[in-house]
Chemist: 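Sharing a structure with you now.
None of these values were measured; they are calculated from a predicted model.
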Amino acid sequence: MTPAEARAILALPADHDDATIRDAARLLIEVGSSDEIKDARRFLSFGLRHTGKDTHATR
């Protein structure tokens, strides 16, 4: 995937599967501008389940 393809995927994420969206986000985080990195971060966990449980131990 090229950076241009990754930008297109994140521009219209509804047309792509979750794993492809996350891969595009990872690519842009590596090679994108600071604004692209900021925008791509919100797609890193796209489609992954969140349990809502606190995963950090509290003391």
Chemist: How long is the straight-line distance from CG of Asp15 back to CD1 of Ile21, given to the nearest 0.5 Å?
Modeler: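 It is 9.0 Å, given to the nearest 0.5 Å.
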Chemist: Does Glu5 reach the side chain of Leu27, with side-chain heavy atoms less than 4.5 Å apart?
Modeler: no
Chemist: To the nearest 0.5 Å, what is the distance between CG on Asp17 and CZ on Arg22?
Modeler: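 One finds 8.0 Å between CG of Asp17 and CZ of Arg22.
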Chemist: Which atom names give the shortest non-hydrogen contact between Leu44 and Arg26, and what distance separates them?
Modeler: CD2-CG, 3.7 Å
Chemist: How far apart are the closest heavy atoms of Ala40 and Ala25, and which atoms are they?
Modeler: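 Closest heavy-atom pair between Ala40 and Ala25: O-CB, 3.4 Å.
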Chemist: Work out which heavy atom in Val31 is nearest to a heavy atom in Pro3; give both atom names and the distance.
Modeler: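 So the minimum-distance heavy-atom pair works out to CG2-CG, 3.8 Å.
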Chemist: Taking the side chain as every heavy atom from C-beta outward, state whether Leu10 and Asp39 have any atom pair closer than 4.5 Å.
Modeler: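 Leu10 vs Asp39: side chains apart.
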